[in-house]
2 protein chains.
Amino acid sequence: MMIAEVSKKFNLSQDTLRYYERIGLIPGVNRNKSGIRDYTEEDCRWIEFIKCMRNAGLPIEILIEYVGLFQQGDETVEARKELLIEQRNQLVARIEDMRETLERLNYKIERYEQAVIPAEHELKKLED
Amino acid sequence: MMIAEVSKKFNLSQDTLRYYERIGLIPGVNRNKSGIRDYTEEDCRWIEFIKCMRNAGLPIEILIEYVGLFQQGDETVEARKELLIEQRNQLVARIEDMRETLERLNYKIERYEQAVIPAEHELKKLED
DNA sequence: TCTTGACTTGGAGTTGACTCCAAGTGTTAC
DNA sequence: GTAACACTTGGAGTCAACTCCAAGTCAAGA
């Protein structure tokens, strides 16, 4: 699979794909005889995984560490598991934070909906 | 309230507080006779609100817009409401994304838990 | 053969969000 | 009164995460 296809498939720019490879965020991609990247199915699974994790806010640094551990083989299974658990816990916390903020936004919106044409002194209240 | 207190109260650096004021992310703070910032209760409520929203990932640019609208008075109530609704919708989407990623992480961790000492060919599977 | 176009590389530039710094001023402690 | 300290300002520097660029290579079509 050529870089152009992969780029479209995952909606990541070619520059981003090359950048991810360069910094070790995805394992090195094979080149064909003329030096052009040829992505395997496994490469694509990595990219999809990384994209998903990045989307959820996991830092690149941590993901590079994970990929590195993976490439070192079976001795790192425990370390990888711990890394994932740590990130899972942080994700749970972030989601909870966001859920609280969401409720707050909903409350604020509701108040805006009730106040059809609010008077000046009521506007202040809207910022509670 | 002096900047040092506010900084501690909200766990934001003094630099960040000054930066937020400079870019219009919080309305201008009054100074005392000697030119030193003196935060009112209302200033604090803004800071707390902004911190909460930033935490949930709302971009600074949007929040500046919101503050700007607020300062323009009652004509902007509708615009503010729409801005909040748009941000609420995006937040809902982000939370849903993160929830999905969380499930994926949980699944991965479970698999790591089951594979006590996995053989080489099983390691590949762990990356599904 | 010549050009077009998709790719390659290493490195520089950008963006968002801070974070730090230098130079200056006003209040407090001795 | 002078040293220490907390603050002021405008501007420069930093960091993560891309994003863009110049110069070069290679395969395919007119």
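Below, chains carry the letters A, B, ... as their sequence lines are ordered, and counting in each starts from 1. Quick caveat, the model's predicted, so the values are computed rather than measured.
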Asks: I'd like to know if A:Asp15 reaches the base of D:dC18 with its side chain such that a donor and an acceptor end up less than 3.5 angstrom apart.
Replies: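 By the distance-only test, no, there is no pair.
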Asks: Rounding to a whole Å, what distance do you find between A:Gln14:CD and D:dC20:C1'?
Replies: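 Rounding to the nearest Å, CD of A:Gln14 and C1' of D:dC20 are 13 Å apart.
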Asks: Quick one: does NZ or CZ of A:Lys108 land under 6.0 Å from the six-membered ring centre of B:Phe49, within 45 degrees of the ring axis?
Replies: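 Positive - A:Lys108 is close enough to the ring of B:Phe49 and near enough to its axis.
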Asks: In this structure, how many angstroms lie between the C1' atom of D:dC18 and the CG atom of A:Asn55, rounded?
Replies: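 About 15 Å, once rounded to whole Å.
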Asks: Are a donor atom and an acceptor atom from the side chains of B:Glu86 and B:Gln90 found within less than 3.5 Å of each other?
Replies: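 Yes, side-chain donor-acceptor contact under 3.5 Å.
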Asks: Whole Å only: how far is the CG atom of A:Asn32 from the P atom of D:dA28?
Replies: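 Rounded to the whole Å, the gap is 11 Å.
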Asks: Which of the following nucleotides, D:dT19, C:dC18, C:dA17, is nearest to the side chain of B:Thr16?
Replies: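 Between D:dT19, C:dC18, C:dA17, the one nearest the side chain of B:Thr16 would be C:dC18.
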Asks: Can you check whether A:Arg31 has a side-chain N or O nearer than 4.0 Å to OP1 or OP2 of C:dT9?
Replies: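 Affirmative; the distance criterion is met.
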Asks: For A:Ile23, answer base if it contacts any base atom (sugar-phosphate contacts may also be present), sugar-phosphate if it contacts only those atoms, and nothing otherwise; contact means non-hydrogen atoms under 4.0 Å.
Replies: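 Nothing, no heavy atom under 4.0 Å.
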Asks: Report yes if a side-chain nitrogen or oxygen of A:Ser34 is closer than 4.0 Å to either non-bridging phosphate oxygen (OP1 or OP2) of D:dT25; otherwise report no.
Replies: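 Answer is no, no contact under 4.0 Å.
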Asks: Can you find a side chain N or O atom of A:Arg37 that sits less than 4.0 Å from OP1 or OP2 on C:dC7?
Replies: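 The answer is no; no side-chain N or O of A:Arg37 sits under 4.0 Å from OP1 or OP2.
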Asks: Which residue lies toward the 5' end of DNA chain C, B:Gly35 or A:Ile3, if each is placed at its nearest nucleotide?
Replies: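 It is A:Ile3 whose nearest nucleotide is closer to the 5' end.
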Asks: Within the structure shown, what part of the strands sits under 4.0 Å from B:Arg18 by heavy-atom distance: base, sugar-phosphate, or nothing?
Replies: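 Base contact.
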Asks: Does the C:dG11 base have a donor-acceptor partner in the side chain of A:Arg22 within less than 3.5 Å?
Replies: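 Per atom types, the contact qualifies.
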Asks: Give the rounded distance in Å between these two atoms: CG of B:Leu63 and P of C:dC18.
Replies: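 Roughly 10 Å, once rounded to whole Å.
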Asks: In whole angstrom, what separates A:Asp38's CG from D:dA27's C1'?
Replies: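 Between C1' of D:dA27 and CG of A:Asp38: 15 Å.
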Asks: Nearest heavy-atom pair of B:Val6 and B:Cys44: which atoms, and what distance?
Replies: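 The pair with the smallest heavy-atom distance is CG2-SG, 4.4 Å.
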Asks: Can you check whether A:Arg54 has a side-chain N or O nearer than 4.0 Å to OP1 or OP2 of D:dA16?
Replies: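 Answer is no, no contact under 4.0 Å.
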Asks: Looking at every non-hydrogen atom in both residues, tell me the closest pair between A:Thr101 and B:Cys52 and how far apart they are.
Replies: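 Residues A:Thr101 and B:Cys52, closest heavy atoms: OG1-SG, 3.4 Å.
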Asks: Taking only side-chain N and O atoms of A:Tyr20, does any of them lie within less than 4.0 angstrom of OP1 or OP2 on D:dA17?
Replies: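 Looking at the OP1 and OP2 atoms of D:dA17, neither is under 4.0 Å from any side-chain N or O of A:Tyr20.
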Asks: Please report the distance, rounded to the nearest Å, between CG in B:Leu17 and P in C:dA17.
Replies: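 Rounded to the whole Å, the gap is 17 Å.
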Asks: Between C1' on D:dT8 and CD on B:Glu21, what's the gap in Å once rounded to a whole number?
Replies: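 The answer, rounded to whole Å, is 11 Å.
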Asks: Rounded to the nearest angstrom, tell me the gap between atom CD1 in B:Ile36 and atom C1' in D:dC5.
Replies: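 Spelled out: CD1 on B:Ile36 to C1' on D:dC5 is 11 Å.
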Asks: Please report the C-alpha distance between A:Arg80 and A:Tyr66 in whole Å, then the side-chain angles of each, then the deciding distance to 0.1 Å, and finally whether the side chain to side chain donor-acceptor pair (under 3.5 Å) criterion is met.
Replies: CA-CA 6 Å; A:Arg80 275 183 267 162; A:Tyr66 182 78; 5.0 Å; no
Asks: Output the single nucleotide from C:dC7, C:dT19, D:dC7 whose closest atom is nearest the side chain of B:Tyr19.
Replies: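 Side chain of B:Tyr19 sits closest to C:dT19.
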